[in-house]
Amino acid sequence: MKESRTVRVWLKRDSGQYWPSIYHVMPSPCSCMSFNPETRRLSIGLDNGTISEFILSEDYNKMTPVKNYQAHQSRVTMILFVLELEWVLSTGQDKQFAWHCSESGQRLGGYRTSAVASGLQFDVETRHVFIGDHSGQVTILKLEQENCTLVTTFRGHTGGVTALCWDPVQRVLFSGSSDHSVIMWDIGGRKGTAIELQGHNDKIQALSYAQHTRQLISCGSDGGIVIWNMDVERQETPEWLDSDSCQKCDQPFFWNFKQMWDSRKIGLRQHHCRKCGKAVCGKCSSKRSSIPLMGFEFEVRVCDSCHEAITDEERAPTATFHDSKHNIVHVHFDATRGWLLTSGTDKVIKLWDMTPVVS
């Protein structure tokens, strides 16, 4: 789509093969798109900052131009069409969030984010918009018809936010990051709970949520597709404690010169137990364990006493892992059919039947 500036609509033929029924050339390279099946409205974001809107015919063999929005100064990064309010929400490389009326084409308002946005979600009921950006920050705005107010900002990732997913039923926001992790933010609970999920070896590219089964689907640029069971009682990861010496054997850490001199001991490197958060030396944390209910599906460093306390039940995985066999760049999940579409850097589009695992 990028180099050729084309938009293609693929239809499944009687042979079972998909063939393009529409091949439309845009005036500028395409950067993102949003499709609304009820209205067959296709919104395409372009590198020049324009959003072009089309209506597809019932047989998907024709696309009719409807209007253009001069939304941004540079590349459009995200588009969301909100049917209930007739709004088009978008973010751009110009660090602007904007929303337009899809009836009149008029710009209703905007907000400048601290960095380029890379995640966009909207809650129809409260009219809250969630914007994740490259700095790792998530911004929540409350939208009115012609203005917006800042509700709050928060951050928990060590890298940029690369994907957002909102569950309006449980009122939970999921964020994925270039730091390979997913964080579940309990927005509705108002307790500030944040649960970490570690199951990828590369940056998170997309997040989708199957509400009916309470499963989160995360896809990474490592090609991994992880299905997380969110219908379990998960635990927050502990804060890492500070100490000048090992909180198990009292050996000094290498910067604690006074204790090293007094006890005539060589300073050790500091580590942290992922289960209790204590500062420990390598000798007191020689064991590894998975802690799935804390989001650690891979084995992580734990202190010896926590390792003994973790039961086999607590080590039972809460996620399943699948290899898409390509570096995923874009994902779309159709919850009604249980189909997942992935496209990769190899320019291949793959369609997955997720019903065996999302059920």
Side-chain angles (χ1 to χ4, degrees), residues 1-72 75-92 98-108 120-122 124 165 206 208-212 217 328-344 346-355:
M1 186 159 109
K2 200 105 181 100
E3 295 86 351
S4 62
R5 304 180 180 194
T6 61
V7 176
R8 304 175 200 199
V9 177
W10 299 78
L11 288 182
K12 193 175 187 179
R13 305 296 183 193
D14 295 337
S15 63
Q17 294 289 310
Y18 283 85
W19 291 93
S21 64
I22 298 173
Y23 183 99
H24 184 90
V25 180
M26 301 298 289
S28 174
C30 310
S31 53
C32 57
M33 64 161 62
S34 169
F35 180 64
N36 180 259
E38 290 95 324
T39 57
R40 297 190 308 281
R41 188 186 307 232
L42 178 65
S43 310
I44 300 164
L46 304 178
D47 266 12
N48 63 13
T50 305
I51 296 173
S52 293
E53 206 168 79
F54 298 86
I55 297 288
L56 296 183
S57 61
E58 280 187 49
D59 61 3
Y60 291 94
N61 280 313
K62 186 178 179 220
M63 52 195 272
T64 308
V66 179
K67 60 171 76 72
N68 286 329
Y69 307 88
Q70 301 307 318
H72 297 277
R75 175 190 293 181
V76 183
T77 55
M78 294 268 162
I79 306 173
L80 266 185
F81 171 62
V82 184
L83 178 62
E84 294 87 344
L85 299 164
E86 293 285 348
W87 285 354
V88 176
L89 315 181
S90 63
T91 57
W99 76 104
H100 290 75
C101 172
S102 63
E103 294 281 87
S104 65
Q106 184 188 341
R107 183 185 170 100
L108 298 174
L120 182 64
Q121 291 285 280
F122 184 69
V124 177
C165 182
S208 303
Y209 190 65
Q211 273 176 18
H212 59 301
I217 303 167
I328 296 171
V329 288
H330 181 75
V331 170
H332 178 74
F333 179 59
D334 181 350
T336 50
R337 282 186 283 198
W339 287 3
L340 185 79
L341 181 141
T342 61
S343 60
D346 53 6
K347 298 184 183 174
V348 172
I349 296 172
K350 296 184 182 184
L351 196 56
W352 306 84
D353 178 7
M354 302 299 282
T355 49

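Here, residue 1 is the first one in the sequence, and each next residue gets the next number.
Taking every heavy atom of both residues into account, V76 and T50 meet most closely at CG2-O, 3.7 Å. Here the shortest heavy-atom pairing between I79 and S43 reads CD1-O, 3.7 Å. Here the closest non-hydrogen pair linking L80 and F122 is CD1-N, 3.9 Å. When all heavy atoms are compared, the tightest approach of N68 to E53 is OD1-N, 4.4 Å. F333 approaches W339 most closely through the heavy-atom pair CD1-O, 3.3 Å. Contact record, H100 with R107: CD2-CA, 3.4 Å, taken as the closest heavy-atom pair.
When the shell of 6.0 Å around CD of E58 is examined, it contains 12 or fewer heavy atoms from other residues, nucleotides or ligands.
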#### Entry: I217 vs V331, side-chain contact (heavy atoms from CB on, under 4.5 Å): CA-CA, chis, key distance, verdict
CA-CA 10 Å; I217 303 167; V331 170; 6.0 Å; no
### Message
Before you tell me yes or no, could you show the steps for Y18 and I349 under side-chain contact (heavy atoms from CB on, under 4.5 Å), namely the whole-Å CA-CA distance, both residues' side-chain angles and the distance that decides it to 0.1 Å?
### Response
CA-CA 11 Å; Y18 283 85; I349 296 172; over 6 Å; no
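Rounding to the nearest 0.5 Å places CH2 of W10 at 10.5 Å from CZ of R13. A distance of 7.5 Å separates NE2 in H330 from CE in M33, rounded to the nearest 0.5 Å. The CG atom of L341 sits 10.0 Å away from the CD1 atom of I328 when rounded to the nearest 0.5 Å. Rounded to the nearest 0.5 angstrom, S21 OG and K62 NZ are separated by 13.0 Å. Expressed to the nearest 0.5 Å, how far OG of S31 lies from CE of M78 amounts to 10.0 Å. Taken from SG in C32 to CG in D47, the straight-line distance is 9.5 Å, to the nearest 0.5 Å.
No donor-acceptor distance shorter than 3.5 angstrom exists from the side chain of R5 to the backbone of M26, with no hydrogens or angles considered. Panel note: side chain T77, backbone T91; a donor-acceptor pair is recorded below 3.5 Å. The closest donor-acceptor contact from the side chain of K67 to the backbone of S102 lies under 3.5 Å. Side-chain atoms of S52 never come within 3.5 Å of backbone atoms of I44 as a donor-acceptor pair (strictly under, hydrogens ignored).
No side-chain heavy atom of S343 sits under 4.5 Å from any side-chain heavy atom of V348. W19 has its side chain out of reach of K12: every pair of non-hydrogen atoms, C-beta onward, lies at least 4.5 Å apart. You'll find the side chain of I22 reaches within 4.5 Å of the side chain of L56, heavy atoms only.
Aromatic ring pairs are classed by plane angle as parallel below 30°, tilted from 30° to 60° and perpendicular above 60°; the pair H24 and F54 is perpendicular.
Using modelled atom types and a 3.5 Å distance limit, the side chains of R8 and T6 yield a donor-acceptor pair.
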